[in-house]
Every structure is written in structure tokens, then in C-alpha cells.
Protein chains: 2
Amino acid sequence: MAVTMRDVARRAGVSAKTVSNVVNGYPYIKPETRDRVLAAIEELGYQMNATARSLRTGRTGIIGLALPELRVPYFAELAGAVIAAAEECGLTVIIEQHGGRRDLELEVLTGARRHLTDGLIYSPLALGTDDAASLLDLSYPLVLLGERVFHPDIDHVTMQNTAAARAATEHLLRAGRRRIVALGPNPTQDVGSAPLRLTGYREAHEAAGLAVDPVLVVPTIRTWDHATGARTVGRLLDDGVDFDAVFAFNDSLALGAMHEIQVRGLRVPDDVAVVGFDAIDEGRYSNPTLTTIDPGRTVIPREAVRLLDERRRGVAGGARRIAPDFQLVPGGSTGAPDRAAATAAVG
Amino acid sequence: MAVTMRDVARRAGVSAKTVSNVVNGYPYIKPETRDRVLAAIEELGYQMNATARSLRTGRTGIIGLALPELRVPYFAELAGAVIAAAEECGLTVIIEQHGGRRDLELEVLTGARRHLTDGLIYSPLALGTDDAASLLDLSYPLVLLGERVFHPDIDHVTMQNTAAARAATEHLLRAGRRRIVALGPNPTQDVGSAPLRLTGYREAHEAAGLAVDPVLVVPTIRTWDHATGARTVGRLLDDGVDFDAVFAFNDSLALGAMHEIQVRGLRVPDDVAVVGFDAIDEGRYSNPTLTTIDPGRTVIPREAVRLLDERRRGVAGGARRIAPDFQLVPGGSTGAPDRAAATAAVG
DNA sequence: GCTCGATGGTACATCGATGTAGAACGAGCC
DNA sequence: GGCTCGTTCTACATCGATGTACCATCGAGC
């Protein structure tokens with residue numbers, strides 16, 4: 001039913017292989033022949049059968065993107081940018097949600113979909129250092145995102161977690177806050193973004209000659225979402241813990257915390273200042289707007305796709321590690337003026 | 001390199017076709033043979049080559065999902081749910097972002113990716129009634145989302161736009177609001193969600209015996225996002241327009257509007273009540289929380305996948321149209337108490 | 001006149017699965 | 001015994017592209 005290369009070949013009076021050669025830019029073809037073939041393609045409305053090509057070449061032009069959940073804004077923005085970047089390279093993306101469940105995270109690595117893809121951009125949540133081994137004998141290109149697993153032989157796109165967290169904390173200290181909650185560390189996790197950001201938090205205190213009150217280092221058990229942020233800060237308030245600022249380890253936690261603080265009748269930033277991490281869109285229109293860290297939100301997806309595409313095409317050497325520059329984005333939650341929309345930058 | 005059916009066949013002492021038959025559940029196989037084959041599969045770690053199967057059968061098990069932008073929370077949540085529903089059916093999803101640009105929306109319909117997919121779930125933004133024709137002679141299953149295009153011969157999953165908008169407006173009228181802004185209609189659009197929701201808004205006024213002040217019907221030119229909501233409401237305030245409520249045609253507009261209203265020193269809901277549409281997660285943790293319409297957020301993605309899968313498998317009859325029940329979700333933005341997290345339902 | 005290398009093109013096998021046709025065998029029936 | 005029918009399995013062609021090998025032509029160089 002669909003038009004094949006044979007049909008085009010017949011129409012142009014050449015062999016199927018010549019049509020293939022034209023389509024793939026093989027150089028030794030008479031201009032006149034090439035024109036005849038292109039004309040035939042045009043006339044018949046030929047479109048290549050990607051499946052057949054994949055079978056023959058062993059490459060599909062599809063890459064996988066494994067992440068916890070698309071409904072989490074940070075990952076939605078990441079996925080959108082990855083798809084756009086992939087488009088630039090002529091690649092198609094399939095997204096797999098593992099929900100941060102360890103079994104699913106491992107299954108993604110070896111599941112049937114890996115046959116469909118040329119490589120994987122992989123953002124695990126539950127995996128730990130022990131699992132690094134399972135990443136090594138994979139037979140396809142892999143690019144890691146985040147800090148959960150690391151291996152010197154695998155391409156990696158990450159963030160300057162410690163330095164950025166330190167900058168965030170210092171921002172609060174400069175504003176005169178002295179009892180800053182660190183919201184997000186998980187005592188059972190020894191690797192990942194959380195401990196690195198906690199280190200930045202401690203470094204800032206140390207550099208300022210201040211001790212960290214352990215009561216203010218508040219673990220979150222569930223995922224870093226609005227509900228967890230609200231619930232956890234709610235518990236602190238219930239317990240009568242005294243604090244004048246919150247450094248949440250991501251924006252969703254921060255926004256949930258900010259919500260709860262205001263529901264309880266406290267003012268942000270007057271009573272409690274809040275800083276997040278990730279610079280998701282939502283924080284630019286919250287009330288007040290959210291001070292946050294932009295960890296390189298435009299660079300990360302672009303680089304991840306670039307690294308994977310280079311591996312896929314076999315033009316890459318040793319493993320690379322990329323950690324883009326970060327930036328503190330001041331917002332109303334730490335006292336920066338919330339600009340009215342009429343004067344706000346378009347984004 | 002990879003294990004093929006031939007390898008499995010050799011190991012089990014049968015033909016490749018028999019392996020295929022076992023894998024595909026063909027009934028006439030001796031239990032003992034089946035066991036030998038399954039054992040061989042297990043031992044060799046055989047995984048089917050999906051590409052080869054696709055070439056032969058003409059089906060890929062992949063469906064497309066075309067939407068404006070993943071970074072828009074409504075679409076991120078939709079996409080996440082579609083992927084999860086597809087997983088249930090053993091389907092894989094590729095997402096294509098057309099950004100609401102008409103040329104890209106049309107290109108999605110005929111682009112190269114259609115060869116990769118068994119069908120398309122299609123949520124256009126710029127297309128109009130005139131384009132319905134382009135949807136008809138497509139050679140693959142199509143399920144339409146939204147109201148931009150409609151055709152009686154195509155499966156459709158939509159919302160009860162008019163009834164829901166009427167309910168939202170009546171909610172505001174019941175609360176005593178009399179100058180309600182309708183935020184979102186676009187005068188250049190005669191089809192789509194906007195005019196239907198505007199109709200609901202008008203119906204509510206009519207039923208209450210109230211006239212609609214045309215000044216309060218406020219078009220938005222750009223997309224329905226935070227920035228547009230903030231900017232547009234900002235302009236109303238600059239112009240000194242008198243209003244005591246906003247019915248925004250989606251949640252992002254509503255949240256942007258609510259942000260701007262508060263930046264200007266007005267109180268929500270005391271000075272201005274706000275209602276949105278879509279029931280995205282973000283509105284459950286905004287300050288105050290957002291009153292909104294849940295148009296069937298769990299039903300829509302599930303039904304879309306189901307309809308497409310049925311078409312794909314050829315088990316569907318005539319075109320179907322599904323418009324799930326909607327629900328008003330009360331929030332602080334119209335005066336419902338914002339519950340503290342400690343007592344809030346987990347979500 | 002002949003070889004050689006650069007061009008321009010073709011025929012055929014192949015990627016790994018599945019559809020088709022049919023072989024081999026035994027049971028049941030007249 | 002001969003026939004049909006159901007069961008179990010196999011051989012081969014096929015999906016549509018591309019890699020390999022090879023043929024043909026033409027001009028240059030000796």
C-alpha cells in the first residue's frame with residue numbers, strides 16, 4: 001500500500017539501491033540521475049519506512065528518557081527541553097516513568113524498550129552506589145542525570161549541588177537569618193543530591209562561623225513534592241520549632257512549605273524566608289515569587305542529548321562529566337521586590 | 001550479537017517459527033515443546049527484536065501524543081497519565097510538541113514519525129474547523145482531544161466545557177460576586193474551548209437574570225499561561241476596570257492572575273475571587289488554593305488511550321465521543337477554608 | 001593499445017521476525 | 001482399508017531498506 005523504494009526506483013528507471021544512495025547522500029551519482037530520483041520521490045510522495053531501515057542498520061533514531069514522574073514540574077520541563085533538543089538532532093524520544101521505585105528503575109535498564117532505542121538518558125531516584133555495577137555492562141549508550149549513581153566510565157550531566165546550596169544558604173545568612181531549616185535531606189541516603197546540598201548548607205554556616213542546630217536539619221521521607229513540603233513544615237510548626245528561614249532542596253518542597261507557612265498565618269518573607277532549588281516556572285508566579293537556584297536548566301537537557309547523540313554516532317572518546325554554572329534567582333520569598341507583570345520580563 | 005529466534009530454536013531443537021508460535025501464544029503446541037522453548041529463551045536471555053516484528057506485522061506498538069508544550073502543567077499531567085495508561089495496554093508513547101504553531105500542528109499529521117506509530121492522540125491548539133478535512137484521509141487511527149476541530153467520523157475525548165463553565169460562574173454568583181471577569185476568550189476564535197466556556201459564563205448570567213458587561217469579557221492574545229494571566233489582569237487594573245471576581249479559562253491563567261492581583265496589594269478572595277479550570281496540581285498548593293473545575297482529569301487520558309488502542313486493534317465500530325463528568329473543586333480563592341497540610345488529604 | 005583509477009550504477013544477500021502452505025502423524029468413522 | 005479431520009511442526013517467502021561485491025564506462029598515462 002505505502003510507496004516503497006522499489007516503486008520510486010521503477011518510476012525513476014533506476015535500481016532500488018540507487019534510490020537508497022540518493023536518499024542517504026552517497027556522493028557518486030550523476031546530478032541528472034539524482035534529479036530523476038528526487039522527482040520520483042516527490043511525485044509519489046515517498047516517505048522512508050523507518051522500521052525497515054532500523055532493522056537493517058540496527059539504529060532506530062529513538063532515545064529513551066527515564067525519569068520519576070512527568071507530573072513533577074521539574075521533570076516536565078526537563079522532558080520538554082530534552083524532546084526539543086532531540087528534535088534538533090533528528091532524534092525521537094520515548095519517556096519512561098519509573099516513579100522512583102527501585103524495581104522499576106532497574107527494569108528500565110534491561111526492559112524490552114531498550115531494543116527500541118539507541119540509548120538512554122537516565123535519571124534515577126532510588127538507585128544507589130551499589131547499583132553502579134548494573135550500569136556498566138549495558139550494551140547501549142547511557143547518559144546519567146543527577147547524583148544517585150556515579151561511575152567514572154559513564155557520561156554524566158549533573159549540577160554544582162554543593163556550591164549552589166552554599167550560595168543559597170549564604171543568601172539567607174546575608175539577609176540576617178540565623179535559624180535556617182534545611183528541608184529535604186534523608187538520613188537513609190548517603191548519595192544523591194540531598195547530601196551534597198546539605199554539605200553546601202553546612203559549609204555556609206561554617207564559613208560564617210555559625211553552628212548548625214540539628215533540629216533544623218529536617219528529613220523528608222516521601223518524595224520532594226508540594227505535599228511533602230507542606231506536611232513537613234506543618235509538623236515543625238506543630239512542634240513549636242523556632243526558625244526564620246527555609247532552604248528547601250527543591251522548588252516543589254519550597255512552594256509546599258511556603259503554602260503551609262502562610263496557611264498558618266505567618267508571613268513570607270517577614271516571618272520566614274524561603275529558598276528553593278531548580279528554578280521551575282511555577283516559582284515565578286507564586287505568592288510571593290520564589291527565590292531559587294537555577295542549576296543550569298537550559299544547559300542540562302541540551303548537553304544530555306548532545307552527549308548521548310555523540311555516543312550513539314560513535315564520535316565520542318572517554319566518559320565526560322558536565323556540571324553547568326548555577327545562578328541564584330532572587331524572588332519575593334527572600335524579600336526581593338515582586339515585580340508587576342506589566343514590567344516583568346517575558347519568559 | 002544479540003540472541004535471535006534462530007538461536008533459541010537451535011537450542012530447543014525446533015524451528016524458528018515454533019519459537020515464534022510459542023512467544024505469540026499459538027495454541028497447537030505440545031506442552032513439552034513449549035517448555036523446551038521457554039527454557040531455551042530463559043537460558044539464552046532472549047528478548048524479541050521489536051523492529052523486526054514491526055517490519056513484518058506493520059505495527060510498532062508505539063502511539064504518538066501531540067500537544068502544545070510539555071512545560072505547561074496541564075499537558076505534563078496529561079502526558080504522564082497517557083504514558084501510564086499506554087503502559088497498561090503494552091504500548092509505548094512518543095510525545096511531539098507543536099507549540100500551538102499551525103504549521104507544526106499540520107506537520108505532525110503527516111511527518112515521518114507517523115511511520116513509527118500505530119496511531120495518534122492529537123491535541124491541537126491553532127487548527128480550526130477548516131482543517132477538519134485534513135484529518136479525514138489519514139491512514140492511521142486518530143483520537144482527538146479538545147474542541148479545536150471536530151468531525152463526526154473521528155473518535156473524540158473532550159470536556160463538558162459549557163456546563164462546567166456555567167457551574168464555575170454560578171459558584172461565583174452564588175457567593176455574591178456581580179462583576180466577574182471572563183479571562184481567556186479570543187475574539188478571533190470561533191471554535192475551541194474558549195467560546196464554549198464563554199457560553200457557559202453567559203448562560204450563568206442569563207439564568208440569574210444578569211446582563212454581561214462587555215468590558216469584563218477579556219480576550220487573551222498569547223497562550224493560556226501564567227504570564228498571560230498576570231499581564232492581562234495587570235492591564236485591567238491599570239485601566240481602572242471594576243471587578244470583584246475572575247473566571248479564568250484555565251488554571252495557569254488563574255494562577256497568574258491571582259499572583260498579579262496580590263502583587264498589586266489586593267486580597268484574594270476578599271477583594272477579588274478567582275476560579276480556574278483544569279484542576280492541575282499547582283492550584284492545590286497556591287496561596288490561596290485555587291477553586292477550579294476538574295473536567296475529568298483521570299478519565300480523559302485513560303479513555304483516549306483506550307479508544308486509540310481499540311482502533312489500532314481494529315475492534316472498534318463507529319466514531320465515539322466521550323465527555324466525562326466534571327466537578328467543581330472549591331479552594332481558598334473563592335473563600336473555602338485552606339486546610340493545613342496536617343489535615344489535608346494525601347494526593 | 002592497454003592498464004589503471006575514478007565514476008556511476010546494479011544484483012543479491014541480509015537484518016529478524018511472521019504469514020502461508022503444507023508435511024507428518026494419529027484418531028475416528030464408514 | 002481408505003478417508004477426513006485435528007494436531008503439531010517445518011520450510012520458505014516476505015516485510016523494505018542497506019551492505020557487499022561486482023560490472024561498466026571513461027579519460028589519463030605510458
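Values in this document were obtained by computation on a predicted structure and should not be read as measured data. Per chain, numbering begins at 1; letters A, B, ... match sequence-line order. All values below come from the heavy atoms of this structure, side chains included, with hydrogens, waters and symmetry mates left out.
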Do NZ/NE/NH1/NH2 and the carboxylate oxygens of B/R297 and B/D281 come within less than 4.0 Å?
yes
For residues A/I29 and A/R34, report the shortest heavy-atom separation together with the two atoms involved.
O-NH2, 3.6 Å
Can you give me the closest heavy-atom contact between A/A79 and A/L70, atom names plus distance?
CB-CD1, 3.7 Å
Which part of the nucleic acid, if any, lies within contact of A/V19, taking any heavy atom under 4.0 Å across all strands shown: a base, the sugar-phosphate backbone alone, or nothing?
nothing
For the pair made of CZ in A/R53 and C1' in C/dA17, what is the distance, rounded to whole Å?
20 Å
So that I can tick it off, tell me whether B/R306 and B/E303 are bridged by a salt bridge, with the cut-off set at under 4.0 angstrom between side-chain N and carboxylate O.
yes
Taking NZ, NE, NH1 and NH2 as the nitrogens, is one of them in B/R320 or B/E310 under 4.0 Å from a carboxylate oxygen of the other?
yes
For nucleotides 12-15 of chain D, give me every protein contact, N/O to N/O, under 3.5 Å, one pair per line with atom names.
unit_1, atom_1, unit_2, atom_2, d
D/dT14, O2, B/R56, NH1, 2.6

Considering all heavy atoms of both residues, which atom of A/M48 and which atom of A/M5 are nearest to each other, and what is their separation?
SD-CE, 4.0 Å
Determine, stepwise, if the pair B/T51 / B/S54 fulfils side chain to side chain donor-acceptor pair (under 3.5 Å).
CA-CA 5 Å; B/T51 305; B/S54 296; over 6 Å; no
Measure the distance from OH on B/Y26 to P on D/dT7 and round it to the nearest whole Å.
10 Å
Using a cut-off of strictly less than 4.0 Å between a heavy atom of the residue and any atom of DNA chain D, enumerate the qualifying residues of residues 30-38 of chain B by number.
B/K30, B/T33
Dot-bracket notation for DNA chain C is requested: 5' to 3', Watson-Crick or G-U wobble pairs only, both distances under 3.5 Å, with ( ), [ ], | and . as defined.
||||||||||||||||||||||||||||||
Taking atom CZ as the centre, does A/R321 end up with more than 12 heavy-atom neighbours from other residues, nucleotides or ligands that are less than 6.0 angstrom away?
yes
By nearest-heavy-atom nucleotide on DNA chain C, the more 5' of B/Y46 and A/G13 is A/G13
For a quick test of reading the model, state the closest non-hydrogen atom pair linking A/L142 to A/I154 and the distance between them.
O-CG2, 3.8 Å
Does B/T18 put a side-chain nitrogen or oxygen below 4.0 Å from OP1 or OP2 of D/dC9?
no
On the nucleotide D/dT18, are OP1 or OP2 found under 4.0 Å from the side-chain N or O atoms that A/N24 carries?
yes
How many Å lie between CD1 on A/I29 and P on D/dT25, as a whole number?
19 Å
From C-beta outward on B/M5, which listed nucleotide comes closest to its side chain: D/dA17, C/dT10, C/dT18?
C/dT18
If you measure from the Lys or Arg side-chain nitrogens to the Asp or Glu carboxylate oxygens, is any gap between B/D7 and B/R11 under 4.0 Å?
no
Quick one: closest heavy-atom pair of A/A126 and A/G100, and the distance?
CB-O, 3.2 Å
For D/dT7 and B/Y28 - does any side-chain N or O of the residue sit under 4.0 Å from the phosphate oxygens OP1/OP2?
yes
